Each structure stands twice: as C-alpha cells, then as structure tokens.
**Student:** 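Right, I'll just put the structure down here and ask away after.
Just follow the structure's listing: the first ligand is 1, and inside any ligand the first atom is 1. Computed from a predicted model, the values in this text were never measured in an experiment.
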Amino acid sequence: MKTIDDLQVSGRRVFVRADLNVPLDGGTITDDGRIRAVLPTISKLAAAGARVIVASHLGRPKGEPDPRFSLAPAARRLGELLGADVAFADDTVGDSARSTVRGLGDGEVAVVENLRFNPGETSKDDAERGAFADRLAELAELYVGDGFGAVHRKHASVYDLPARLPHAAGGLIATEVAVLKRLTEDVRRPYAVVLGGAKVSDKLGVIDHLLEKADRILIGGGMAYTFLKAQGHEVGASLLQEDQVPTVQDYLRRATERGVEFVLPVDVLAAGAFPDLRAKAPVTAVTTSVDAFPADLMGLDIGPESRKLFAGKLADAATVFWNGPMGVFEHPDFAGGTAAVAQALIDAASPEEGKGAFTVVGGGDSAAAVRTLGFDENAFGHISTGGGASLEYLEGKTLPGLAALED
Ligand code: ADP
Ligand code: MG
C-alpha cells in the first residue's frame with residue numbers, strides 16, 4: 001500500500017475520502033472523534049501544498065439531498081480544528097463543487113457535500129457507481145483513501161474512484177490496518193476479546209473467526225442474553241435473538257473443544273421497560289442473578305458481580321479487543337458496566353497495574369461511550385474509527401476499500 005509520502009501532491013488537487021460520519025444532535029456534533037482522526041492526513045497534505053478536497057458520507061440519506069444529513073457542521077468543525085478556512089460546496093459533483101475546487105489555492109482545503117446525496121455512491125449497479133466515480137475523478141488529480149469507517153463498503157468513492165486516479169492510503173488507514181494486524185497475527189497472549197452492543201447477528205462472524213485466535217471471549221450488552229439463553233437461562237423481556245441460539249450453542253461447544261474461555265454475565269441490572277434516552281429520568285432498576293431472571297424485566301447493564309468478574313479476566317491480558325457497550329450506556333443508570341470495562345482496559349494497559357496490555361476499542365458506540373463517559377482516550381492503545389470495518393477485517397473478509405488501495 002502506498003502512503004502519502006509516495007505522492008507528489010504540491011499544487012495538485014487531492015481527493016481525500018474521509019469518514020466524517022459524526023453523531024449529530026440537530027446541527028450539533030456530539031462526538032468529533034472521527035474528524036480529529038483524519039486531521040493529521042489533511043494537515044499534512046495542506047502543508048505539502050496540495051489543494052485538498054475532502055469528501056465523506058454522513059448517515060443514511062436516500063440518494064438525494066436531505067438537509068438533516070448535511071456535512072456543513074462537520075466542515076465547520078474541521079475548519080476550527082485546522083485553524084484555517086475550509087470552503088464548503090453544497091453539492092458533491094455539481095456546479096458548486098466544481099467552482100469550489102477551482103477556487104482552491106495551494107495548501108487550501110474544501111469539503112464537498114455528503115457523497116450519499118447521489119444515488120451512484122452506494123449503487124449495487126457497477127455502471128451506475130462507475131459513472132458517479134467518473135464525475136468524482138474529474139474533481140481531482142490524486143486520491144487518498146483515509147475513510148477507514150467506510151472501507152468495508154463497495155461504494156463509488158471507496159472502491160471505484162481509486163481505480164481511476166493515482167492513489168495512496170492516508171495515515172489513519174495505515175494506523176488502523178497496523179492495529180488490526182496486531183489483533184490477528186503474532187498476537188501477544190493472553191488475548192481477551194470483549195463483545196457487547198445490541199446486534200448478535202452482526203458480531204457472530206467475528207466470534208467464529210476469533211474462536212481460533214482468542215484465549216478468552218467475554219460477552220456483555222444486549223448480545224449477552226442470546227448467549228445466556230443458549231446456556232439454558234431465562235432472560236425475561238431482555239433483547240434476544242432467538243434464531244441465533246443454535247449458532248451460539250455451536251460456538252460455546254467449539255470454545256470448550258478449543259480451550260477458549262467464554263465469560264458471560266452472572267448478574268445484570270434489570271428494569272421493567274427500556275429507559276427514555278432523551279429525558280434520562282432515573283429508572284427503578286434491580287440487580288438480578290442470571291439464575292433467577294424475573295419474566296417481566298429486561299436486562300439493561302451487567303451487574304456488580306459481572307463487572308468484577310470481567311475486570312478480573314482482563315487484568316492479566318496482554319492484548320484486549322473490545323467492541324460494543326456492556327449496557328444501555330446512553331442512560332446514566334446503565335452506563336456503569338461499560339465504564340467498568342473501560343477502566344479494566346485502562347488498568348490492563350497500565351505498566352503498574354497490569355501487563356502493559358495492548359488495548360483496542362472498536363465500534364462507533366463503544367468509542368463514543370469511552371469519550372462521553374469522560375475517559376482519557378490516550379489511556380487506550382487505540383480507539384478505532386471504524387466499527388463495521390474492523391469487525392469485517394477480524395472476520396477475515398477482504399475489505400473493498402483496502403483492496404482498492406493495494407494495487
Ligand atoms: P458498537 O457501535 O460499539 O459496535 P453496537 O452498535 O453493537 O455497538 O451497540 C450499541 C448499542 O447497544 C447501544 O446503543 C446500547 O444502548 C445498546 N445496548 C447495550 N446493552 C443493551 C441491552 N442490554 N439491551 C438493549 N440494548 C443494549
Ligand atoms: Mg453502533
């Protein structure tokens with residue numbers, strides 16, 4: 001994979017496929033981690049005299065302009081972080097984009113509007129995607145791929161465009177790939193994997209693959225209930241993917257055969273209803289053992305005993321990969337389990353407390369949780385900007401956006 005250093009960028013128009021898909025509350029960015037992650041690449045290009053055109057998707061608009069998904073707030077934030085003016089084009093390949101790009105001087109930066117306002121970006125039809133990639137290619141002379149969060153997508157700006165322009169990987173993609181290699185090749189042991197979050201089916205492929213690599217797999221969050229059910233526990237009204245129970249049973253069997261330790265919660269915080277995440281009013285929750293689950297309650301966080309159990313399983317780990325919150329961390333009453341696991345990763349990484357473990361946080365919500373719960377990002381080995389992308393890599397899949405940068 002070529003890097004920016006292999007390109008002659010001075011005075012040339014460089015298209016940077018970034019991932020500025022930040023969470024928004026109205027027009028306010030609630031977590032700017034992804035913008036900060038691509039900043040070094042943009043600064044470096046600008047400092048080298050490139051005319052930088054930054055493009056990204058945001059949310060899931062339906063192939064046409066939708067103001068709720070405008071990149072304008074992200075462009076503003078990028079300008080603040082760069083400490084420089086950032087021009088903004090209110091279309092992606094139209095008149096506004098073309099004139100904005102024409103107006104760029106050496107070392108200047110522009111952002112074009114959401115790639116997904118164009119149906120060609122995500123089209124399954126190669127010709128339609130290719131036609132959109134042709135129009136994107138007209139904007140620039142060089143391509144830098146640095147939108148790690150989108151490399152698992154076979155989209156025009158990720159997959160088809162690099163085939164049309166001399167290309168290289170940006171610093172963020174180079175870092176993310178180096179981290180993923182440390183989680184799959186020559187791994188330092190013990191290797192513990194913590195999985196949580198809401199969707200079991202999204203993460204089964206990872207478990208399948210990591211069963212061959214990890215020493216311990218800890219399961220919390222909404223996905224724990226499908227595992228508890230597979231072990232014969234009742235789970236009340238908790239999140240359950242009943243159709244996945246047989247697959248999960250098969251994993252538990254394979255884990256036993258391979259000597260991989262599966263660790264499930266022993267207690268959970270449960271309530272009668274899903275909490276209101278906007279008002280965040282206090283909720284009456286009870287700690288319940290997984291052996292006596294009340295039929296009318298749903299588990300919303302791992303309980304105090306489970307937090308201790310999980311922390312113990314991470315304390316002596318040399319490598320930890322964590323994806324998915326342990327509970328409904330968006331509500332303060334159910335953020336404790338996620339905070340406990342974050343702290344356990346920090347302790348494992350600390351040379352005084354643990355083994356100086358290499359710790360990686362993957363997943364959009366997990367990364368946001370770590371930041372919104374007030375942890376120091378620098379206390380982790382790496383916080384990935386790409387949830388789906390890192391999971392697909394860990395599943396052993398070929399990622400279109402990385403393959404496109406290879407050749
Ligand atoms: P990530 O983005 O880190 O990969 P996911 O998107 O898989 O994580 O899951 C995050 C979501 O899981 C959060 O919105 C959180 O509220 C939810 N969640 C965690 N635990 C539970 C639970 N016990 N029941 C329902 N939802 C849960
Ligand atoms: Mg998520």
Side-chain angles (χ1 to χ4, degrees), residues 19 21-25 30-31 33-34 59-60 148-150 152 193-207 210 218-229 233 235-241 244 264-265 267-278 280 283 285-288 290 293 297-303 306-307 310 320-342 345 359-373 375 380 382-395:
D19 174 9
N21 184 27
V22 287
L24 288 172
D25 187 359
T30 54
D31 178 24
R34 283 182 162 161
R60 293 175 184 259
F148 180 71
H152 58 316
V193 174
V194 191
L195 295 175
K199 275 211 203 121
V200 184
S201 42
D202 277 8
K203 301 187 185 182
L204 284 181
V206 182
I207 297 175
L210 290 180
L218 286 57
I219 309 274
M223 58 185 294
Y225 303 95
T226 305
F227 281 79
L228 289 167
K229 184 83 180 177
H233 294 283
V235 296
S238 307
L239 196 70
L240 174 65
Q241 270 188 277
Q244 305 291 354
L264 298 181
D267 60 351
V268 303
L269 290 190
F274 198 83
D276 181 346
L277 300 182
R278 284 213 134 252
K280 296 192 165 76
V283 173
V286 293
T287 301
T288 166
V290 298
F293 212 109
L297 297 187
M298 58 176 73
L300 296 167
D301 196 8
I302 58 172
S306 309
R307 293 173 199 180
F310 282 23
V320 184
F321 172 66
W322 172 30
N323 174 291
M326 295 292 102
V328 182
F329 73 95
E330 296 92 336
H331 192 289
D333 291 357
F334 303 105
T338 300
V341 163
L345 258 72
T359 58
V360 179
V361 183
D365 290 295
S366 316
V370 161
R371 286 189 280 262
T372 54
L373 296 177
F375 290 97
F380 299 89
H382 181 70
I383 299 184
S384 176
T385 52
S390 45
L391 289 177
E392 289 198 19
Y393 187 101
L394 293 174
E395 278 176 54

**Student:** Who passes salt bridge (charged side-chain N to carboxylate O under 4.0 Å, His left out) against Asp267, sequence neighbours left out?
**Tutor:**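 For Asp267 there are no salt bridge (charged side-chain N to carboxylate O under 4.0 Å, His left out) partners, ignoring immediate neighbours.
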**Student:** Can you sort out the partners of Phe334 under ring pair (Phe, Tyr, Trp, His ring centres under 6.0 Å), two or more places apart, ordered by chain and number?
**Tutor:**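 With neighbours one apart ignored, the set is His331.
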**Student:** Would you mind listing which atoms of ligand 1 come within a distance below 4.0 Å of any non-hydrogen atom of Asn323?
**Tutor:**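 That gives atoms 4 (O) of ligand 1.
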**Student:** Show which atoms of ligand 1 fall inside a sub-4.0 Å distance from at least one heavy-atom site of Glu330.
**Tutor:**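 Those atoms are 13 (C), 14 (O), 15 (C), 16 (O).
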**Student:** Among all the protein's non-hydrogen atoms, which is closest to atom 26 (N) of ligand 1, and how far away is it?
**Tutor:**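 Going by distance alone, atom 26 (N) of ligand 1 is nearest to Val328 CG2, 3.8 Å.
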**Student:** Distance under 4.0 Å to a non-hydrogen atom of Gly324: what atoms of ligand 1 satisfy this?
**Tutor:**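 Listed by number with element: 3 (O), 8 (O).
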**Student:** What protein heavy atom lies closest to atom 21 (C) of ligand 1? Include the residue and the distance to one decimal.
**Tutor:**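 Among all protein heavy atoms, the one nearest atom 21 (C) of ligand 1 is Gly222 N, 3.3 Å.
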**Student:** Heavy atoms only: give me the nearest Arg371-Ile383 pair and the separation to one decimal.
**Tutor:**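 Smallest interatomic distance, heavy atoms only, reads NH1-CG2, 4.1 Å.
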**Student:** Any chance you could measure Asp301, atom CG, to Phe329, atom CZ, to the nearest 0.5 Å?
**Tutor:**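 Answer for the CG-CZ pair, Asp301 versus Phe329, is 11.5 Å.
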**Student:** Among all protein non-hydrogen atoms, which one is nearest to atom 3 (O) of ligand 1, and what is the separation to 0.1 Å?
**Tutor:**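 Looking at atom 3 (O) of ligand 1, the protein heavy atom closest to it is Ser366 OG, 2.5 Å.
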**Student:** Roughly how far, to the nearest 0.5 Å, is the CG atom of Leu297 from the CG atom of Leu269?
**Tutor:**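 One gets 11.0 Å once the value is rounded to the nearest 0.5 Å.
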**Student:** Can you name the closest pair of heavy atoms from Pro275 and Leu300 and give their distance?
**Tutor:**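 So the minimum-distance heavy-atom pair works out to CD-CD1, 3.7 Å.
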**Student:** Taking the side chain as every heavy atom from C-beta outward, state whether Leu391 and Asn323 have any pair of such atoms under 4.5 Å apart.
**Tutor:**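 Yes, at least one pair of side-chain atoms sits under 4.5 Å.
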**Student:** Just one of Asp202, Ile207, Leu240, Leu204 clears the side-chain contact (heavy atoms from CB on, under 4.5 Å) bar with Met223, so which one?
**Tutor:**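 Between Met223 and the candidates, side-chain contact (heavy atoms from CB on, under 4.5 Å) is satisfied uniquely by Ile207.
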**Student:** Tell me: protein heavy atom nearest atom 4 (O) of ligand 1, and distance?
**Tutor:**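 For atom 4 (O) of ligand 1, the nearest protein heavy atom is Lys203 NZ, 3.2 Å.
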**Student:** Can you sort out which atoms of ligand 1 are near Leu300, meaning under 4.0 Å from one of its heavy atoms?
**Tutor:**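 Result: 23 (N).
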**Student:** Mind counting the protein N, O or S atoms sitting less than 2.8 Å from the Mg ion (ligand 2)?
**Tutor:**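 With waters ignored, the protein N/O/S count below 2.8 Å is 1.
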**Student:** Between Gly363, Pro325, Gly327, Gly299, flag the one that comes closest to atom 18 (N) of ligand 1 by a heavy atom.
**Tutor:**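 Closest candidate by heavy-atom distance is Gly327.
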**Student:** Report the nearest protein non-hydrogen atom to atom 10 (C) of ligand 1: residue, atom name, distance rounded to 0.1 Å.
**Tutor:**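 Among all protein heavy atoms, the one nearest atom 10 (C) of ligand 1 is Asp365 OD2, 3.5 Å.
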**Student:** Taking ring pair (Phe, Tyr, Trp, His ring centres under 6.0 Å) as the definition, give me every residue that meets it alongside Phe227, ordered by chain and number, with sequence neighbours left out.
**Tutor:**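 Once residues adjacent in sequence are excluded, the partners of Phe227 under the ring pair (Phe, Tyr, Trp, His ring centres under 6.0 Å) criterion are Phe262.
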**Student:** Write down the atom of Val360, the atom of Leu345, and the distance for their closest heavy-atom approach.
**Tutor:**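 Of all heavy-atom pairs spanning Val360 and Leu345, the closest is O-CD2, 4.3 Å.
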**Student:** Work out which heavy atom in Ala270 is nearest to a heavy atom in Phe293; give both atom names and the distance.
**Tutor:**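 Taking every non-hydrogen atom into account, CB-CZ, 4.5 Å.
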**Student:** Which bit of Leu391 gets closer than 4.0 Å to ligand 1, counting heavy atoms only: side chain, backbone, both or neither?
**Tutor:**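 It is neither part, as no heavy atom is under 4.0 Å.
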**Student:** Give me the nearest non-hydrogen protein atom to atom 12 (O) of ligand 1 as residue plus atom name, then the distance to 0.1 Å.
**Tutor:**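 For atom 12 (O) of ligand 1, the nearest protein heavy atom comes out as Ala198 N, 3.3 Å.
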**Student:** Show me which atoms of ligand 1 lie under 4.0 Å from any heavy atom of Tyr225.
**Tutor:**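 Those qualifying, in numeric order: 23 (N).
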**Student:** Would you please determine whether Met298 falls within less than 4.0 Å of ligand 1 on a heavy-atom basis?
**Tutor:**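 Heavy atoms of Met298 never come under 4.0 Å of ligand 1.
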**Student:** To the nearest 0.5 angstrom, please state how far the CG atom of Asp19 sits from the CZ atom of Arg34.
**Tutor:**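 Rounded to the nearest 0.5 Å, the CG-CZ separation comes out at 4.0 Å.
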**Student:** What heavy-atom pair brings Ala367 and Val361 nearest, and what distance separates the two atoms?
**Tutor:**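 So the two residues come closest at N-CG1, 4.1 Å.
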